Amino acid sequence: MLGLFKGMGITLKNMTKPKVTLGYPHEPIKMPDRFRGIQHFDPEKCIVCNQCARICPTNCISLTGKKHPDPNKRGKIINTYDINFEICILCDLCTEVCPTEAIIMTNRYELATYSREALLKDMKWLHANDQMIRQDNISSKPKRGGK
Amino acid sequence: MDWYIFVYPVILLAIVLVFVMYAIYFERKVIGWIQLRKGPTETGPKGLFQSAADVFKLLIKEDIIPSKADRPLFKLAPILAYVPAFSVLAVIPFTDAPYLKFSNVAVGLMYYLALSSITVMGVLLGGWASNNKYSLLGGMRAGAQMISYEIPLVLSVVGVVMSAGSLNLTEIVETQIAGAWNVFPQFLGFVVFIIAAIAELNRTPFDLPEAESELVAGYHTEYTGFRFAFFMLAEYTYVFAMASLITILFFGGWDAPFGLTFIPPLVWFILKFCCFVFLLFWLRATFPRLRGDQLMEFAWKGLLPLAIINIFVSALLKEVPFLSQYF
Amino acid sequence: MNIDGELIAFFVFSLLAIGGAVFMINLTRVMHMALALAFALLSLAGIYILLEAPFLAVMHIMIYTGAVSVIMIFGIMLTKHKVDAHELEPPRFGFNLLSLLGTGLLFAIIMWVIYQFPFVTTGVESPAFKVQDLGAELFKQYMIPFEIASILLLAALIGAIVLARREENE
Amino acid sequence: MLRTEEMVLNLGPQHPSMHGVLRLVVKIDGEIIREIEPVVGYLHRGTEKLAEDLNYTQIIPYTDRLDYLSSMTNNYVVCHATETLMGLEIPEKAEYLRVIVMEMNRVASHLLWLGTFLLDVGALTPFLYCFRDREQILSMFNELCGARLTYNYMRVGGVKWDAPAGWLDKVKNFADYMINEIQNYHELISGNEIFLQRTKGIGVITKEMALSYSLSGANIRCTGIDWDLRKKQPYSVYDRFDFKVPLGKTGDLLDKYHCRMDEMVEAMKIVKQAVEGFPEGGATMGKVPRVLRVPEGEVYVGVESPRGELGCHIVSKGKDKPWRIKFRRPSFYNLQVAKELLVGQNIANLVAILGSIDIVLGEVDG
């Protein structure tokens, strides 16, 4: 019988302890800086190297480039850039390989929508998603061959 | 025949409904606090209207009857479960004031125990009529459990009845006011009664009939909307009734202890009543569930002999001359 | 004959009791039958209350409605029930006649016994019911029959267990 | 005894205590189980087949989703296999970080097991306490690698992130807190007579059974067989730490419970030692070529995941993608024993036994 009462003592003691509930919908949860949320995309920085699309394990990134409008400059500029958040697993590999940090993670995590189509985010949307961008980005890159 | 005998039951029903709503609210709050949560907070200030909203939702929900269910029985079962639950309240005296007593039946205690045994039928029929295997198993567990625990329940109050010399609940309280609360001389009976009462109420650790980790929801798996609400109502009305009964049988009803008579008797009754209700919530938050066979073993090999010993000791105390003066 | 609450209650209870019995015979599903029986028994308890025997009524509810019917329902739940598996055979004329005769005879005997029995019909003051009196009667005056009945019940109980055990071993 | 009708009951795939989407077709007589047939595959995603089309870095996020309660161990096993095949050298700092996160993940996983197991036997409250503590581990992982469940933290050749400032102190404080807190759990649960009744002598796994079903993890240790890959086939830097392997005696549910509880304490001790011996400087990534071309060959490595021996077998044909990859998923092996344990038990025991085996359906179904 003693065990039963001991347990009851524990539960009674816990009744007055501070609560751990978060007021989630009212107060958004603050995520740490390294949090991998919805990406921010900066078309200015993109050099259309296609690395992000190639590393993506779920093939959710599709991009097209066009010739640079200024004929004196070489290379391409980005034309369209879509991420399909139906299948994106926010694994962070695209930002890891991007040589210019054109694509960066942000702290946004709310992805619920009313339709599947709304989950297909285009370049404009991703560019506008410029709040709470990850700061610890540059130093975080795996340093090939050590520091 | 006065008009109030028709009005008071309606008022009592309203009180019971309010109690049920706030019992559910406080159950969620208390268990929430114990589990380091806050419990309902959203609907109304501090979540006070949460249960009202839940009940309202249940009432406006679509009424679904499974196509393979036994329709008449499926509809009858919740009523059969609820009607006795409410009828037992008729004999419970809440204070000595005449307007809070409905029926001063000579066999009040037996009336309570007899009528409460009909509820089992509602539960069994509900489980069977749903034509669902989990419901069937839940119904069978409920039937077996409630029948087995009724025996220690009845036997454990025999001691109280012997000391009071009456089956009338008012008289039982009055003898306690004159003497000591039954919880002291009848401690063994009290322990057996409270355990059997929790089992009768199908609450943790005896909540096998609706063990959600085993039987989904037990006998009311297929019930939705207001029929489900009726089963819940029956359950909590029994909590109300059982808490009242324990207060009356073992804690002297509306008797004020330590001569604190400036507090009105009804308040004392409610205080004692709330202690038992809180105990139920507390147990639910702490204990795991027993297994079916252990439950039966406990009833027949544990509680039943204890109850019989209690009767024997009570008889001894009452009849042996030099002991009976302390009794 | 003046109509008062008691008379109405009596008619309601007897209607329910008879109705329960009739339904019990005529329903097709076993579970419904058991329920009808439970209703009939419950109404009988109501009649006991009208006869100012509340203790008997309450015990009747407890034992018959609460325990016996529940155990019957419990037993039925464990078995499979097929409703329309086999249609009832068309009743044969001879059987019907025979059962009619049998029930008629039984009814006649019961009525005869009732009319022969010297009921006290004039007002005798029946003392107010007290459970104490019942207890005193049982345990003082009728002690030996009470104990014998208990032993009989106990023997039946043990017998049932023994039978169940034997079947389990087979 | 009354002869009663046997009834076929489909427990799952949606059932409150099925820990995922396992379906059990049980034939019950009253409440006693006469036959049982587990049906798996409701969560099959073909990770192994998908991995044949992915390069080694891309496989890692997929392994997060195998045993989603201990993603770190899954990350580790695939990295470890690749590294072994390539003969890579891993920086010491990365090894320490790996051990810390794996052991913390073990505690997180066991806490979740404890909570759900007690839910299965009917106690509601420990679940919330377990989640309160697990939440701390998850938020620490969130600070470390930016995700709470699918960490994708390790890379072939090291780990992705170094510990942020102050993180190691938090870990150490947590380890102290947790060792203390487990005493509270013991007080709440271990002495509870009802809990003892529900677990003592139930679901006994014998030594022969454990060996013949190739069980691992707490399921084999509860029988008294001393089998822990961290000791028997040391990998990473486990040989530098001092820890015990808790063993049971009888192999019943109570022994499994105690094994896992003690394992949590031991894991926390390892974490404390690792934080104390944490190397100051150094990189978190070793020398790794830009494109991972794994030399032709085969490798099998096994690590001790919270559920048992998690193995990874890679066959490489010298490309940047594996030719064939095969995971030995401990939940799948441990689940096999269920059939033998459950016949003859009643439904309440079924739920408790199944809960005690600690399966994760993401792992069972692959």
Side-chain angles (χ1 to χ4, degrees), chain A residues 1-38 85-86 88-92 105-119 121 125 128-132 134-136, chain B residues 25-47 50 53 187-188 190-199 203-207 274-291 294-295 297-299 301-303 305-306:
Chain A
M1 289 300 276
L2 190 67
L4 299 178
F5 291 119
K6 257 190 190 168
M8 285 171 79
I10 292 268
T11 45
L12 196 67
K13 236 190 315 188
N14 273 315
M15 223 172 130
T16 50
K17 280 195 184 160
K19 310 292 166 240
V20 294
T21 316
L22 301 169
Y24 166 57
H26 305 303
E27 317 155 19
I29 301 165
K30 187 87 185 71
M31 283 298 177
D33 179 56
R34 285 180 184 177
F35 184 73
R36 312 198 306 247
I38 306 159
F85 279 99
E86 272 184 71
C88 174
I89 56 174
L90 296 166
C91 66
D92 201 12
M105 288 290 182
T106 70
N107 261 350
R108 271 190 68 181
Y109 47 80
E110 267 152 347
L111 264 171
T113 60
Y114 284 103
S115 72
R116 283 165 175 267
E117 289 74 34
L119 282 170
K121 308 289 191 197
W125 193 96
N129 180 31
D130 56 357
Q131 296 302 305
M132 299 184 288
R134 188 160 77 187
Q135 299 301 312
D136 198 9
Chain B
Y25 171 77
F26 275 106
E27 174 161 25
R28 291 174 65 181
K29 274 283 186 194
V30 167
I31 292 180
W33 293 331
I34 286 176
Q35 297 178 343
L36 308 168
R37 298 182 286 117
K38 287 177 180 160
T41 54
E42 291 295 308
T43 321
K46 303 245 169 222
Q50 183 64 52
F187 187 72
L188 189 60
F190 168 68
V191 171
V192 174
F193 186 83
I194 205 161
I195 294 172
I198 295 167
R203 293 188 67 89
T204 319
F206 306 103
D207 61 339
C274 286
C275 285
F276 177 70
V277 175
F278 176 75
L279 178 73
L280 282 182
F281 299 161
W282 187 14
L283 291 180
R284 179 167 173 210
T286 311
F287 288 164
R289 188 182 303 115
L290 277 170
R291 210 174 55 221
Q294 291 165 349
L295 183 91
E297 230 178 82
F298 187 57
K301 293 187 185 163
L303 292 183
L306 278 181

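Lettering of chains follows the sequences in order, A, B, ..., and the numbering in each one begins at 1. Keep in mind it's a predicted model, so treat the numbers as computed, not measured.
- Under the 4.5 Å side-chain criterion, counting only non-hydrogen atoms from C-beta, B:I195 is in contact with B:F298.
- Looking at A:I10, neither its backbone nor its side chain comes within 4.5 Å of chain B, counting heavy atoms on both sides.
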Scan the chain B/chain A interface and emit each donor-acceptor pair under 3.5 angstrom with its distance.
from: B:L36; atom 1: O; to: A:V20; atom 2: N; distance (Å): 2.9
from: B:K38; atom 1: N; to: A:T21; atom 2: OG1; distance (Å): 3.3
from: B:E42; atom 1: OE1; to: A:H26; atom 2: NE2; distance (Å): 3.2
from: B:E42; atom 1: OE2; to: A:H26; atom 2: NE2; distance (Å): 3.0
from: B:W282; atom 1: NE1; to: A:M8; atom 2: O; distance (Å): 3.2
from: B:W282; atom 1: NE1; to: A:T11; atom 2: OG1; distance (Å): 3.1
from: B:T286; atom 1: OG1; to: A:T11; atom 2: OG1; distance (Å): 2.9

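- For the pair B:L279 and A:M8, the minimum side-chain heavy-atom distance is below 4.5 Å.
- A 6.0 Å sphere centred on CZ of B:F278 holds more than 12 heavy atoms belonging to other residues, nucleotides or ligands.
- Shown here for B:I31 and B:A285, the closest heavy-atom pair between the two residues is CG1-CB, 4.2 Å.
- Using a 4.5 Å heavy-atom cutoff, the side chains of B:I194 and B:F276 are in contact.
- Evaluation of the ring pair (Phe, Tyr, Trp, His ring centres under 6.0 Å) rule for B:F206 yields B:Y149 as partners, not counting sequence neighbours.
- Of the atoms belonging to B:L283, it is side-chain heavy atoms, and not backbone ones, that fall under 4.5 Å from chain A.
- For B:P205, the side-chain contact (heavy atoms from CB on, under 4.5 Å) partners are B:I198, B:F287, D:I194, not counting sequence neighbours.
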